[in-house]
Each structure stands twice: as structure tokens, then as C-alpha cells.
There are 2 protein chains.
Amino acid sequence: MARPTIEDVARIAGVSIATVSRCLHKPDVVTKATRDRVLSAVRDTGYALNTAAQSLRIRRSNTVLVVVPDIGNTFFSEILRGIQQVASDAGITILIADTGGQRLREEGFMRNLLNGRADGALLLAEPQVPWLDLPVANSRGVRPVVVISEAMPGTRTLSVEIDNIGAAELAVNHLLELGHRSIAHLTGPGTNILTAMRREGYRQALRKAGIEPDPAMEIGGDFGVASGVAAFARFRQLDPLPTAIFCANDESAMGFISAANAAGLKVPQDVSVMGFDDIHFAQVFLPPLSTVHQPRSDMGAEAMRLLLSVWAEEEPQPVVLPATVVLRESTARAPFRPA
Amino acid sequence: MARPTIEDVARIAGVSIATVSRCLHKPDVVTKATRDRVLSAVRDTGYALNTAAQSLRIRRSNTVLVVVPDIGNTFFSEILRGIQQVASDAGITILIADTGGQRLREEGFMRNLLNGRADGALLLAEPQVPWLDLPVANSRGVRPVVVISEAMPGTRTLSVEIDNIGAAELAVNHLLELGHRSIAHLTGPGTNILTAMRREGYRQALRKAGIEPDPAMEIGGDFGVASGVAAFARFRQLDPLPTAIFCANDESAMGFISAANAAGLKVPQDVSVMGFDDIHFAQVFLPPLSTVHQPRSDMGAEAMRLLLSVWAEEEPQPVVLPATVVLRESTARAPFRPA
DNA sequence: TTGTATGCGTTATCAG
DNA sequence: CTGATAACGCATACAA
């Protein structure tokens, strides 16, 4: 037997389908007596609203598309939690799309906005395809896009992020306060906006401390564990050897430490390592990683709120959340070294 | 202006909407001439099929619901990748639902099957609510459910898993081969089926080696990092101190090692630690973790294939995939200890 | 307060 | 090969 429809419920309750629909959506406009009959009919039949029919009728899916570059990356999951929280409170369903970093996939997922599967999108990464050509403004009926964490500066995109430059400065300042004067930097991938901003923060902190940034101290990475391992090989050839390194994210920092350890260099005794992100494993890692904490859950929640706000015809502004340095055991005072 | 509909396309191409629909779904049944006109009209208008209308009409959403207990747990993400792969090749959209382990949420998500948002579900954890009361069989029009990794034995559920008992035996055998005779076990949460099976494998391996399993050596955990830390406190009180421990998963193993290290116990010199799962961080961890590798991506892919198969009116069987022990540096030969 | 009737955008059936 | 048309299940304007 097929799924019960609103009509089945109506027949059993002895009312019209309009009344059933009203019972479900504006219960207060219907008599308590009929409401009870209808609701019990709903229970009896096990009726569940057909969302396809509803979406078609109300021209809305009550769904938000969340585009993630790599769902396997633990960094994103806590953002998702924040989104999930706010969304489910608002009765919104989340459609998660994992692009695996591939443009083609992202392009495909973009169609979910066009074909009505979703009413808006949350991008957890720098857009690879021109989502922004979509009408992003809040004109009625438009499907807004909010970029989390990696908004391009200068675009008029709605976004939620931290002050990456400032946060990187904070991190490097911590190293400076520990007495380090020779601080290397392991960067993210070349094209990434976060790479640029965190590197800028690194340089600014150095300059403010009266140290001229040395390009040779900036080692190219790609946020991956392996790139951290590779970076150590280049790091150890630096002469003199820096006493600390600021890594653009935690995973690469772990790779770096792992390689350092294999090579007999102790962290933090021989070299202090600072990460960025404060992913879940940062605190379990050996040594527990000093890093920059991003309020990921809040970022997700805030982004979802932005979307709700746009849907409500308001005109929300981009938001910048605070990031904090969390000190653990991968950083220590600089060893004394004769100049 | 509103989204173009099939009607707009038809008008511009100078054909009927039926023809437009045919061009999109069975292009070969239409003249090349008209097809070209239609397709170019599609391009011109930027037409995208309204999935709500389509779903309503064909009574199918071409969507699979994937229920995850915790999307932040890196264990699940690779399974998702496998699912994604097969699904997108088949033109299926994935709807990911994160229950956070809460029954209530899971119950809510189950509705996606009832309200037609999804045509079937993949459960990445032991079902908390009676999904299985849903018609799981492959009778026409039914919405099948496939359980990945944590199928309850005895139920007639479609499932994809590894031989957990056998895999745990493999792991413990490795420890035995290294000369360990006193091997502890850090279990998973009490109610979990995986906990039971891995513990059983642990016991069987011991028995086959002529060692009677000692309940005191089985420390209760919950798969979390913190429970690994807590377990170490109980472990160190064991007398004599075991020379090895088999943990029911990698995260708890990491917590254990982390605590051991903090207490001055070296891994693997003082105690060998074996994990289970081979999560992403297992190889970066210090020391790199010896563990049991689960073919997660394959498991996801296989599960999705099972679903496609049911939809195709076939009668697929549950599948069991092979797991392998991967040896890294958290395990070593047992130290000599006078009996 | 409740019922009737219309249309949301598609697909599929049936004629032409 | 193509066109007209009837559902699909629901929400709502309008009548009662």
C-alpha cells in the first residue's frame, strides 16, 4: 500500500484536505474538536507530509546547501555542528555536499540552488566557481550564499570569518614573547586567501618586533600533513636553524613535528611549533599543540543565522569573530644561543 | 524574474513542453533538429529542472539519506567518500544527517524517508530507533536501509561490515607474536555491538594462545580520547603491569598513549599499544599507531551499491569486507620480564 | 470555522 | 516524431 496522503487523512477525519493542511500549519485557526480528530487520523495513518509536493507548492525547500571541500577534514565538522544546531532549530534541513576540492563537483552542486533543492548555500571554502554571480543580494526570491572562513576581501559576499591577519600576529607574538627571534613560517597552498593573510600576519608581527621578514624562512606548504613532513626537510637546511616555526594550520604542524621527531629534533626543546585552527586532535597530539583557536561552531551558527536573516528579508552584514591563542606544550622559551 | 520553467523553454524553442521533457530524458526519441533547438533554448534560459516537481511526479527523490552519529569523527568521513563516489556516478544526491548520537535526532531524520525526501538510507551506526520496522525488504516502492559497520547480528538487515571478531583476533595475535603474554584490552562503550565483538576477538585470541582472559584486564572505555586517558589510570594499577594493550579504537588508543607519556611510560618500549580503525591521524601520531585497517571507502561504496541494487529490484546480500593489521611503531617486542 | 477549487512544474499516456 | 492533457500532493485565495 502506498504512502498515505493528505487526502487519506481528510477522509478518515471526515474533513476537507484544506482543514488537514491548516491543522498542520496553523493549528490555532481550527476548532479544537476537529483538530483532535485530524491529528488522531494523522497518527492512525502514519501520515507524513510529502516534501516534494510542499516544495513545489510553496516554492521553497527549507533546505540549505552546505558545500565542504573535504568532509574528512576535521576542521570542517565542528562548523557543521554549529550550522546543524541553528538550522534544525529553525526547521531547516541541511544538504551537505563534499567537493573533494574539485571544481567540477562544486559546479555540479551549485545546481542544487538552481533546481530548487536548496534555498541558499553555505560555502566552507573559497569558491572555485562563480557562485557569486548568482544574485547574492537579498532581493525577494533570491538564493543567498554565505562564505565561511575564506571570503575574498573586496567582494560584497556575505561572510563569516575570523581576523586571520590579527590571529596570525597573535600567534607569532606568543613566539616572540618566548624569546624567539628566528621564526620560520610554514605557509598554506599558494593560491589560498588564508595563506596570504596568515603570512601577512606573520610578517607584520615580525616587523613590529623590529625583525625584517626573510623570504627564506617562509616554507611553502599546502595545509596537508605530508607538506608538514616535507617542510621539515627544508627547515633543517636553514642556517642558522630557526628556534621556532609558525605553521599555517594544525595538520601541517603535526606533520612537521612528526618529521622533526623522526630526525631527533625535540619539540619544544629544540624547536617551538605553533599551529593554527585548534582542531580536535591538537590537544591529544604529542606534544599537545599550541595553536590558534577558531570558534568553529560559532562560525557555523553565525553563518546559518545570516542565511535565515536574509530569508527574512533583513539585510545582515558580514561578521568577524574573535580568535584566541591557546598555549599548550609545543612551544617553549627559546634556548639560549650565542648570537 | 522568476526561474525559467520547462514552459519557458518550450515557448522559446517553439515546441511543446512534452518535447522539452523528452529532449532531456530520452534525447534519442526526438529529431536532431528539434533537439538542438530545445537544448539551445535550455542554455539561453539557463533552465534547471525543478526537482520538487520532478520528485512529486515520478515519486522518487533520487536521494539517499546518510545518517552519521558524529560527522566530526574522522572515522566516518572516509566512508562518506566511498558513498559519495558511487552515488554521484549514479546521479544520486546525498543527504547527510548528523545525529550527534541523540535518539531524538535520529528519529527526526527517519522522517526523511517517510516524507519522500530520500529513497533509502545508509546508517553509519547501530540504529537507535526502529528503522528496521520499516519495510526493509525489496518489495517495490519500499525505502531500503543499509547498515554500515554496526549491523546487529541476527537481524535480517542489509549491511556492510568487516569481521570484527576476526580482525580483533588478528590484532591480538600480532601482540602475541611479539612475545606479549600479559595483554590488556580497552573496550568500547558497553552497549555497542562493536565493543562486544572486538572483546570477543580479544578473548578468543588469548584462549587460542593458551591464556585465560582475565576480566580485570578489560578496561571499560567509550571510543573517546578522554576514555583512553582515563583508562590509563586504571591500567597502571594493574599488577603486574601488562606489557601491551589492545584498544577497541584508535582515538581511545591515542588518549591512552598520551596519558602514558605524561606519566613517563614510553610507548612502545614500556608498553605496546594497538588501535583499531586506522583513522587518518593514526599515521601522524607519535608514535605512529599500529592498528587494524578498515577499508572504509570500500565499505561506503559497497553499501551504496547495495542500495542501488535494491532499487533495481535485485536481491543483494549483506557483505563482509576484509580488514588488515597495519604495523607501525606503537608496538614492539615484549620486554623481558622475569616470570 | 470550514470547504471548494486552482495551480505549483514535471512526466507519462494517448492521440495525432 | 510531436502535442494536448491528466495526474502527482499540497497550500491558499476565496466562498460559504
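Values in this document were obtained by computation on a predicted structure and should not be read as measured data.
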- Item | Contact state string [nucleotides 8-16 of chain D, B base, S sugar-phosphate only, - no protein heavy atom under 4.0 Å] | BBBBB----

- Check every strand shown and say whether B:Ser55 touches a base, only sugar-phosphate, or nothing at a heavy-atom separation below 4.0 Å.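 Since no nucleic acid heavy atom lies under 4.0 Å of B:Ser55, the category is nothing.
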
- Message: Considering every strand and a 4.0 Å limit on heavy-atom distances, what is the contact class for A:Val20: base, sugar-phosphate, or nothing?
- Response: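 Nothing: the residue A:Val20, judged by heavy atoms under 4.0 Å, touches no strand.
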
- Query: If you round to the nearest 0.5 Å, how far is OG1 of A:Thr5 from CZ of A:Arg11?
  - Reply: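 It is 7.5 Å, given to the nearest 0.5 Å.
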
- Closest contact, heavy atoms only, B:Pro69 versus B:Leu124: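 Nearest pair, atom of B:Pro69 first, then B:Leu124: CD-O, 3.9 Å.
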
- When you check the gap from the basic side-chain N to the acidic O, do B:Arg3 and B:Asp8 get nearer than 4.0 Å?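 Salt bridge flag = no for B:Asp8 with B:Arg3.
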
- Should B:Arg305 and B:Glu302 count as an ion pair when the cut-off is N to O under 4.0 Å?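 A salt bridge is present here (some side-chain N lies under 4.0 Å from a carboxylate O).
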
- Message: Does A:Arg81 have more than 12 heavy atoms from other residues, nucleotides or ligands lying within 6.0 Å of its CZ?
- Response: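 For A:Arg81, atom CZ is crowded (more than 12 foreign heavy atoms under 6.0 Å).
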
- Query: For B:Glu7, does the CD atom sit with more than 12 other heavy atoms under 6.0 Å from it, leaving out its own atoms?
  - Reply: no

- Task: Answer yes or no: does a side-chain N or O of B:Thr34 lie under 4.0 Å from OP1 or OP2 of D:dC1?
- Result: no

- Message: Rounded to whole Å, how long is the line connecting atom CZ of A:Arg117 with atom P of C:dT10?
- Response: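 Taking atom P of C:dT10 as the reference, CZ of A:Arg117 is at 13 Å.
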
- When the distance from CG of B:Asp8 to C1' of C:dT10 is rounded to whole Å, what number comes out?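 The answer, rounded to whole Å, is 14 Å.
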
